[in-house]
Amino acid sequence: MTDASDPIPPPPLPGPTRRLDATSLRGLAHPLRMRLYELLTLDGPATATLLARQLGENTGTVSWHLRHLAEHGFIEEDTARGTRRERWWRKAGPVNDLRIADFRDDPESHGALSVFLRELVHQSFDRVMTYVGEDWDERWRNAGTVSDWRDLRLSPDQLRALNAELMEVIARHTPAPDTEPDAEALPVTVQLQSFPRRERGSA
C-alpha cells in the first residue's frame, strides 16, 4: 500500500497492476472473500467445494462469495479445468495496488478500508503463527526470521525512504516468472510492517 502524496515514489509493482477504487475495494473488503482470494493467490486454482472444506465453510456460501469476487475482476473461472458439475476458479492477472490517499476524502469508503486493513493484519498474523507452529528442519528454521527493531527514530520522509529501499531489495530477489526455481526452493512469504509508535504520555 502506498500514499499517492508520498514525495518518495514507491518502487513499481511487478507485472500489470490494478489500482483499487471505491467499488473494487468494497467488492474485496470482506473477511471471507479476502481469505478466499488469499488461498487462490497462494495455492492456485480450486473449486468452491475444496475451498469450503479448507475453511470449514458452507459450499453455497463460498460459491456466492467467489462469484462476487469474479464480478469485481479479482478472480476468474479456470475453464481449462472446469466441468459442467463443478467450476474451478483462479486469481485474475493484475497485481492489486491500493493507495490509501485515494480514499482520504471519501467517507463512504472508510468502513470498507477499515475492514480491508484489519483483515490484512489478521492474515499476516496467521501466516506467522502457522510458521512458528510448524516443524521445519534446522536449515529452514535458521534461514527464516521473525524479527523487529525498536531503536529507530525517523521522520516521515526517513520512514518512507526506509520502506522504499527495503522494497527494492525484495524486488532484486524476486525471480522473473519464467525463471526455473532452484531444486530446493519453496514458496517464501516476506512480511514487512513498519509504522510509528506513540510515546507514553503523548496525545
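If you're wondering where the values come from, they're calculated on a predicted model, not measured in any experiment.
- Not one N or O on the side chain of Arg90 forms a donor-acceptor pair closer than 3.5 Å with the backbone of Gly44.
- Within the structure, ring pair (Phe, Tyr, Trp, His ring centres under 6.0 Å) pairs that include any residue of residues 173-193 do not occur (at least two apart or interchain).
- Rounding to the nearest 0.5 Å places CG of Leu39 at 8.5 Å from CD of Gln123.
- Glu76 contributes no side-chain N or O that, together with a main-chain N or O of Ala92, makes up a donor-acceptor pair within less than 3.5 Å.
- A donor-acceptor contact shorter than 3.5 Å links the side chain of His110 to the backbone of Phe103.
- Under the side chain to side chain donor-acceptor pair (under 3.5 Å) criterion, Thr59 pairs with no residue, sequence neighbours left out.
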(message) Would Asp157 and Arg160 count as a salt bridge (charged side-chain N to carboxylate O under 4.0 Å, His left out) here? Give the steps.
(response) CA-CA 5 Å; Asp157 286 350; Arg160 279 190 287 264; 2.5 Å; yes

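- Taking Thr145 as the reference, Ser147 meet the side chain to side chain contact (heavy atoms under 4.5 Å, CB included) condition, with sequence neighbours excluded.
- Between Arg81 atom CZ and Asp78 atom CG the span is 5.5 Å, to the nearest 0.5 Å.
- A donor-acceptor pair under 3.5 Å is absent between the side-chain atoms of Ser114 and the main chain of Gly111, judged by distance alone.
- When each of His30, His65, Gln54 is checked for a side chain to side chain contact (heavy atoms under 4.5 Å, CB included) with Leu36, only His65 meets the rule.
- Grouping Ile, Leu, Val, Met, Phe, Trp and Tyr by side-chain contacts under 4.5 Å, direct or through others, puts Leu50 with Trp88.
- For the ring pair (Phe, Tyr, Trp, His ring centres under 6.0 Å) condition, no pair includes a residue of residues 146-166, sequence neighbours left out.
- Sequence neighbours left out, the pairs with a member in residues 138-151 that pass salt bridge (Lys or Arg N to Asp or Glu O under 4.0 Å) are Arg139-Glu184, Asp148-Arg150.
- Remark: Pro31 pairs with Val115, Glu119 by the side chain to side chain contact (heavy atoms under 4.5 Å, CB included) rule, at least two apart or across chains.
- Taking each heavy atom of Ser63 and Ala48 in turn, the nearest pair found is OG-CB, 3.2 Å.
- In terms of modelled atom types and a separation under 3.5 Å, the side chain of Ser124 and the main chain of Leu120 share a donor-acceptor contact.
- Of all heavy-atom pairs spanning Thr49 and Glu86, the tightest one is OG1-OE2, 2.7 Å.
- Nearest approach of Leu152 to Leu154, heavy atoms of both residues: CD2-CD1, 3.8 Å.
- Applying side chain to side chain contact (heavy atoms under 4.5 Å, CB included) to Leu20 and the options Leu98, Asp97, Asp102 leaves one that passes, Leu98.
- In summary, the side chains of Ser194 and Asn163 do present a donor paired with an acceptor at a separation below 3.5 Å, with no hydrogens or angles considered.
- For Glu77, the side chain to side chain contact (heavy atoms under 4.5 Å, CB included) partners are Thr79, Arg87, Trp89, not counting sequence neighbours.
- For Leu32 against Thr61, the heavy-atom pair with the smallest separation is CD2-CG2, 4.0 Å.
- Leu40 and Ala46 get closest at one heavy-atom pair: CD2-N, 3.8 Å.
- Residues Val128, Tyr131, Trp136, Trp140, Val146, Leu186 make up the rest of the hydrophobic cluster containing Val132, defined by ILVMFWY side-chain heavy atoms closer than 4.5 Å, directly or through other members.
- The main-chain N or O of Glu165 is never found under 3.5 Å from a side-chain atom of Glu168 such that the two would form a donor-acceptor pair.
- Within a 6.0 Å radius of CG in Asp105, other residues, nucleotides and ligands contribute 12 heavy atoms or fewer.
- Glu108 CD: 12 or fewer foreign heavy atoms inside a 6.0 Å radius.
- Partners of His68 under the ring pair (Phe, Tyr, Trp, His ring centres under 6.0 Å) rule, at least two apart in sequence or in another chain, are Trp64, His72.
- Between Ser109 and Arg26 the shortest heavy-atom distance is OG-NH1, 3.6 Å.
- Considering only residues two or more places apart in sequence or on other chains, Tyr37 meets the ring pair (Phe, Tyr, Trp, His ring centres under 6.0 Å) condition with Phe74.
- Residue Ile75 is grouped with residue Leu55 when hydrophobic side chains (ILVMFWY) are merged at heavy-atom distances under 4.5 angstrom, including chains of intermediate members.
- Each salt bridge (Lys or Arg N to Asp or Glu O under 4.0 Å) pair with one or both residues in residues 38-62, not counting sequence neighbours, appears once here: Arg35-Glu38, Glu38-Arg127.
- Considering NZ of Lys91 and CG of Leu69, their distance stands at 12.0 Å, rounded to 0.5 Å.
- Arg104 and Asp106 are not joined by a salt bridge, as no carboxylate oxygen comes within less than 4.0 angstrom of a charged side-chain nitrogen.
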